[in-house]
Amino acid sequence: MSNTRLRFAPAPTGSLHLGSARTALFNWLAARRSGGELILRIEDTNAELSKPELIDNIYRSLDWLQIEFDGEPVRQSERTDLYNDAVEQWLSKDLAYVDDGAVRFRVPAEGATSWHDLVRGNVSFENENIEDFVVRRADGTATFFTANAVDDFDLGITHVVRGEDLINVTPKVLMLRQALGASDTPEFAHLPLIVNEQRKKLSKRRDDVALESYRERGVLAPAMINYLALLGWGPPDDIEVRPIDEIISLFELTDVNPSSAMFDLKKLEAINAEYVRAMNPKDFANALMPWLEQESWGVVADVEQLATVAPLIQERTKVLAEGPPQLDFFFLDDPEFDEAAWTKVMSLDEAPLILDAVKSAFTEVEWDSAALHETLRSIGEQYEMKLGKAQAPLRIAITGRSVGPPLFESMYFLGRETVLQRITAAQQKLDTDKPRDSA
RNA sequence: GCCCCCAUCGUCUAGCGGCCUAGGACACUGGCCUUUCACGCCAGCAGCACGGGUUCGAAUCCCGUUGGGGGUGCCA
């Protein structure tokens, strides 16, 4: 069970597609599970696809996901001789013929080409429905079929794991393989497509298919891997969120579900949130840094300072990009006010009274969150307000918003001086707003 | 048009002829907890597309219908 050899064979068409990432993952899982090898093969038979930056993107994305390969990547653009030899061989055996400068393979008029698919069972195509297809273009370059068949044979691939959109090329590749003199057939596993809300194949035009864009929003690689593994496969024990090693040990190609799977951003984020919560606070703060640095105020933030406040938002963060808007008031000179929330909260008669009372109490109180908590609680009591209600004006004065991290801890980190300043600023803002309201 | 694939809650899935009164997760709804939000906990909503077989027994096997998707390039 160990002489298995798989390959992930992307065409460099831009940023790595989610579907490609999932295919890479399943190949990797199958290889790891069986103790076999996985090689990376770049399908760049078309010169346009050979651009270094496109290929770099593939490496970068795979590297981020920590999907490792055995040996050096194979570039099809460097194997043209092999393909030429194959075509010449077919030509000399009259298995192929020249047509308009291109070479076409002779497909038998009768019979059928079939195979046993690991995820779909028997799949069969009538040969009469397959046209004589091009194996070498008029410009002398090999087509996908040729390169694919030659390489899978030459590289000793035992398991071909790829998307269902390639299921119809399989009979052609099988014919070519046989014409090459192969006596064996690799195992095939055609994975279900990942589809959008409209149940259509994820497309570059309509859908956000670039793996990179999820990375940029702050989806963690292990969470992405974990989620992707759940698209078309499920653990037998119903435990969905788990370490990759466990997934490897549970994974079987024959357990892959054949029907297409919708990409569900909500679920991805829910899983990512679990991974975020599981991080140790230090790692979380560090992971947040790149996102803070994208903010105008983020340059001020140093890791030490960030590490003190980051734990306050850790369990409130689904993707890392949600970090900065929750933390901005710690670093800004003045909070950014949500005007709608401000109006709503401050229209309460008690709002200015609470601000006044709190301000004078805060000049004296011992500066720790428990004392601040108790102070506001008792002030609220005077107005017969529960803490939840009494804290609202203070929260918006300090943070600019009606929701956010725990208030007393936040004020503690902000310091007495800043807190008093912000309360004063809020009182002034209240005064200047008022005439307009009552006029 | 032709070829191929697919069909369990809204979504991802478990289920491989009796253990199914169909399980879990996400989402959603209600409640508890609570300094907002969130976390956590509890509860709820919700599904085997349809029709024929086979069988003592079918979500599970077979056939058909319907629906959905993919492919149909000298792209990969």
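As a basis for the values below, the full set of heavy atoms in this structure was taken, side chains included, without hydrogen atoms, waters or symmetry mates. In what follows, chains are A, B, ... by sequence order, proteins preceding strands, each numbered from 1.
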query: So, A/Arg137 and A/Thr141: side-chain donor and acceptor under 3.5 Å apart, yes or no?
result: yes
- request: Please check if any side-chain donor atom of A/His159 sits under 3.5 Å from a side-chain acceptor atom of A/Ser34, or the reverse.
  value: no
Output the rounded distance in Å from [atom1] ([X]) to [atom2] ([N]).
X	N	atom1	atom2	value
A/Glu131	B/C4	CD	C1'	13 Å
A/Arg136	B/C74	CZ	C1'	12 Å
A/Ile167	B/U72	CD1	P	14 Å
A/Lys172	B/C3	NZ	P	15 Å

For [X], answer base if it contacts any base atom (sugar-phosphate contacts may also be present), sugar-phosphate if it contacts only those atoms, and nothing otherwise; contact means non-hydrogen atoms under 4.0 Å.
X	answer
A/Gln76	nothing
A/Phe408	base
A/Leu407	base
A/Val135	nothing
A/Thr13	nothing
A/Ala138	base
A/Arg395	base
A/Asp99	base
A/Thr141	nothing
A/Glu240	base
A/Arg377	nothing
A/Gly404	base
A/Ala11	sugar-phosphate
A/Pro192	nothing

If the [atom1] atom of [N] is compared with that of [M], how far apart are they to the nearest Å?
N	M	atom1	value
B/G68	B/A58	C1'	24 Å
B/A7	B/C48	C1'	10 Å
B/A14	B/A49	P	15 Å
B/A22	B/C16	C1'	15 Å
B/G67	B/C50	P	15 Å
B/U60	B/C19	C1'	14 Å
B/U72	B/A25	C1'	38 Å
B/U54	B/C2	P	32 Å

Pairing partner (Watson-Crick or G-U wobble, both distances under 3.5 angstrom) of [N]:
N	value
B/C20	none
B/U35	none
B/A43	B/U29
B/C61	B/G53
B/G73	none

- prompt: Ring centres of A/Trp28 and A/Phe8 under 6.0 Å apart?
  reply: no
query: Are the ring centres of A/Tyr275 and A/Phe284 closer than 6.0 Å?
result: no
Geometric cation-pi criterion, A/Lys267 with A/Tyr227: 6.0 Å, 45°: no
- prompt: If you take atom types as modelled and just measure distance, does the side chain of A/Lys267 reach the base of B/A25 with a donor-acceptor pair under 3.5 Å?
  reply: yes
- prompt: At under 4.0 Å, does any side-chain N or O of A/Arg316 touch on OP1 or OP2 of B/U36?
  reply: no
- prompt: Quick one: is A/Thr317 getting a side-chain N or O under 4.0 Å of the B/A38 phosphate, OP1 or OP2?
  reply: no
- request: Kindly compute the distance separating CZ (A/Arg217) from CG (A/Asn272), expressed to the nearest 0.5 Å.
  value: 11.0 Å
message: Here's a test for you: under salt bridge (Lys or Arg N to Asp or Glu O under 4.0 Å), which of A/Arg177, A/Arg79, A/Arg75 qualifies with A/Asp151?
response: A/Arg79
